[in-house]
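See below for the structure under consideration.
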Protein chains: 2
Amino acid sequence: MQVSPVTTETKRPLTLRDVSEASGVSEMTVSRVLRNRGDVSDATRTRVLAAAKELGYVPNKIAGALASSRVNLVAVIIPSLSNMVFPEVLTGINQVLEDTELQPVVGVTDYLPEKEEKVLYEMLSWRPSGVIIAGLEHTEAARAMLDSAGIPVVEIMDTDGKPVDAMVGISHRRAGREMAQAILKAGYQHIGFMGTKMPLDHRARKRFEGFTEVLGKHGIEIEDREFYSGGSALAKGREMTKAMLDRSPELDFLYYSNDMIGAGGLLYLLEQGIDVPGQIGLAGFNNVELLQGLPRKLATMDACRLEIGRKAAEIIAAQLADPNTEIETRITLTPKISYGDTLKRR
Amino acid sequence: MQVSPVTTETKRPLTLRDVSEASGVSEMTVSRVLRNRGDVSDATRTRVLAAAKELGYVPNKIAGALASSRVNLVAVIIPSLSNMVFPEVLTGINQVLEDTELQPVVGVTDYLPEKEEKVLYEMLSWRPSGVIIAGLEHTEAARAMLDSAGIPVVEIMDTDGKPVDAMVGISHRRAGREMAQAILKAGYQHIGFMGTKMPLDHRARKRFEGFTEVLGKHGIEIEDREFYSGGSALAKGREMTKAMLDRSPELDFLYYSNDMIGAGGLLYLLEQGIDVPGQIGLAGFNNVELLQGLPRKLATMDACRLEIGRKAAEIIAAQLADPNTEIETRITLTPKISYGDTLKRR
DNA sequence: TTGAAAGCGCTAACAT
DNA sequence: ATGTTAGCGCTTTCAA
């Protein structure tokens, strides 16, 4: 039986020095090779790379970042990952940052201002090169941090308000107004509203405000409303719709604050054999991919998620590449209504 | 008109020294206050905190991590954010890590082994305290990195294979087998399969293998199959189902590799007035929340996403708290079939 | 083309 | 309870 050598080698992470010793070249030169900086002869380059690979060296970005005071991270702060909207924004951000040195790091706030403040603080303590943050509403402390961070900040999704620095989004107030106009124009008069129980979802709130504002100008009020939280949005949409119509059978239009509950309502109405959009019209918001597969296409409005992500990342990348760059930093995208099969066209 | 002072103060990030000077206390003591370490008198603590807040100081974790060689990051590496499965895993991870010092950092591989290798390298270069990575299949280089990183590694989702270190998941092969058994037991004989065009989705592959294995033992073969990529899964499920049934009307069961395409198929069959599960049975995989809102509930199997995330995070947290901890590090969860309304019970 | 020295901002370890 | 010193692993800067 063989005795195994008791080399209690606590796996110490490898350093540049290890590669330096293994290749017989100074740490500095190794560093240059690994970063493709400065002139290095092909001979040493080859030797260094061989040694690094052989050892399995992984550079220490912590040390690198401290020494160079360059951290190629972009903090991305969003309220949630669980509805399909923010992942798509992330996809847009990723698409653009992939062609750069920058790496996104995501923080989630659950729509809570204090959590946003905390997450922001945590992220800033890594000294990122830029911040992309959802919404224009932040705690005073959060705003102060963004203000004094000395890095590009892009507030996304919403443009109804004053940004700290740059912003990319749509006007949710306008989105609400336009939907109200389309609904009234189509001749609907008795309108119900369903949405999330989220006092802190400012974008949903603004859509609602824009919506009621236009109704009000036409002397119309929302006749019934219902809010939900948690659970399967599709199922909730179904339940709420049933409850509302049982309660208020005179309604001829249902406006949903998001497509998922709208889709649930649509499925319910179709099952009941109700004529959509003849007897009752429906509209949601977001233009989620899901809608493509439903028996009828729900009327909705695009939130421009991918585009917002891309533009925000482009602003950050451009500002970092050249701080004096002259690019548009206040971008308001203008989504069009998609009538689908649930809102009469007029 | 007042002349504004031209203090071209290039916003230099604040350091401990700034707080130290502002509060008249040594840097070390400031550091202690800010980390709640060691004994500090209430008087100085108060002064220091006031100064820090007043200045808007945000600690530099880069420097802190380098000095203490402690980086409270957990690298989480997943294939995708765009189907609902991984966000739910992240939620589970978050839930557990929120009660610790640890912070998850997410990397996405798009199901590409080379990209996984690259993402892993990038993340390891930040010297995280642990790694949670989806799947058991990695490039040789990736496996070597995980092996020699000297930190806890948890491979998640799948348990059909040999992990580098810890693993938490379900057996997808078994999931496929069990579904096949249930289908045969219910008396279905002519089976079609639909799935993604993803040769690199090993878990889908394993489910398929387990599925066909059991069918084979009963002398049954899959009679038709179809694969898709891109687009709305719900719409694709609808299209593929139509195409397949037009082509192979003798089929009496359709097995889908995920719930979304299964849901699309279900909606299509219901529209066609086909008797489900009498004439045709259906089953998907994942048990996504969406299913709750459909007119009928699709048969499926839970992927235990939340639980997997939680357990993985718990393993990391436990190992970091006490490297000699004696906890289970090979966890195979066993999901039960959910028959819903689309698979006959027998 | 290569190397040596200094220091990034913080914390461990040791004074006091 | 507070301060001092050294150094984390790398990059910047300057010298050779």
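Residue numbers start from 1 in every chain, and the chains themselves are labelled A, B, ... in the order their sequence lines are given, proteins ahead of strands.
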**Request:** Indicate whether OP1 or OP2 belonging to D:dG3 is found under 4.0 Å from a side-chain N or O atom of B:T29.
**Result:** yes
Side-chain donor-acceptor distances from residues 46-55 of chain B under 3.5 Å, at least two apart:
| unit_1 | atom_1 | unit_2 | atom_2 | d |
| --- | --- | --- | --- | --- |
| B:T46 | OG1 | B:D42 | O | 2.5 |
| B:R47 | NH1 | B:S23 | O | 3.2 |

**Request:** Hey, could you give me each pair passing salt bridge (Lys or Arg N to Asp or Glu O under 4.0 Å) that has a residue in residues 18-32 of chain A? Not counting sequence neighbours.
**Result:** A:R12-A:D18, A:R17-A:E21, A:R17-A:E27
**Asked** Taking only residues two or more places apart in sequence or in another chain, which ones pass salt bridge (Lys or Arg N to Asp or Glu O under 4.0 Å) with B:E122?
**Response** A:K61
**Message:** Going by salt bridge (Lys or Arg N to Asp or Glu O under 4.0 Å), name the residues that satisfy it together with B:R305, two or more places apart in sequence or in a different chain.
**Reply:** B:E88
**Message:** Enumerate the side-chain hydrogen bond (donor to acceptor under 3.5 Å, both in side chains) contacts for residues 319-329 of chain B, please, sequence neighbours excluded, ordered by first and then second residue.
**Reply:** none
Can you give the donor-acceptor pairs under 3.5 Å from side chains of residues 130-145 of chain B to other protein atoms, not counting sequence neighbours?
| unit_1 | atom_1 | unit_2 | atom_2 | d |
| --- | --- | --- | --- | --- |
| B:E137 | OE2 | B:K206 | NZ | 2.9 |
| B:H138 | ND1 | B:E116 | OE1 | 2.8 |
| B:H138 | ND1 | B:E116 | OE2 | 3.4 |
| B:H138 | NE2 | B:G135 | O | 3.1 |
| B:H138 | NE2 | B:E155 | OE2 | 2.8 |
| B:T139 | OG1 | B:E117 | OE1 | 2.8 |
| B:T139 | OG1 | B:A142 | N | 3.0 |
| B:R143 | NH2 | B:L136 | O | 2.9 |

**Asked** Is there any side-chain hydrogen bond (donor to acceptor under 3.5 Å, both in side chains) pair reaching into residues 67-77 of chain B, and which pairs are they, with sequence neighbours excluded?
**Response** none
**Message:** Please enumerate all residues that pass side-chain hydrogen bond (donor to acceptor under 3.5 Å, both in side chains) together with A:T109, with sequence neighbours excluded.
**Reply:** none
**Item:** DNA chain D: 5'-proximal contact among A:V58 and B:V25 (nearest heavy atom)
**Value:** B:V25
**Item:** With sequence neighbours excluded, residues passing salt bridge (Lys or Arg N to Asp or Glu O under 4.0 Å) with A:E98
**Value:** B:K115
**Message:** Need one value for A:D39: base, sugar-phosphate or nothing, where a base atom within 4.0 Å counts as base even if backbone is also close, heavy atoms only.
**Reply:** base
**Prompt:** To the nearest angstrom, how far is A:R17 atom CZ from D:dC8 atom C1'?
**Reply:** 13 Å
**Fill in**
Scoring nucleotides 11-16 of chain D by protein non-hydrogen atoms under 4.0 Å (B base, S sugar-phosphate only, - none) yields BB----
**Request:** Anything under 4.0 Å to a heavy atom of chain A counts; send over the first and last such nucleotide of DNA chain C, read 5' to 3'.
**Result:** C:dT1 to C:dG9
**Request:** Give a yes or no on whether a salt bridge exists between B:K311 and B:E307, defined as a side-chain N under 4.0 angstrom from a carboxylate O.
**Result:** yes
**Item:** Terminal axis angle for the helix from C:dT1-D:dA16 to C:dT16-D:dA1, five pairs an end, nearest 10 degrees
**Value:** 30°
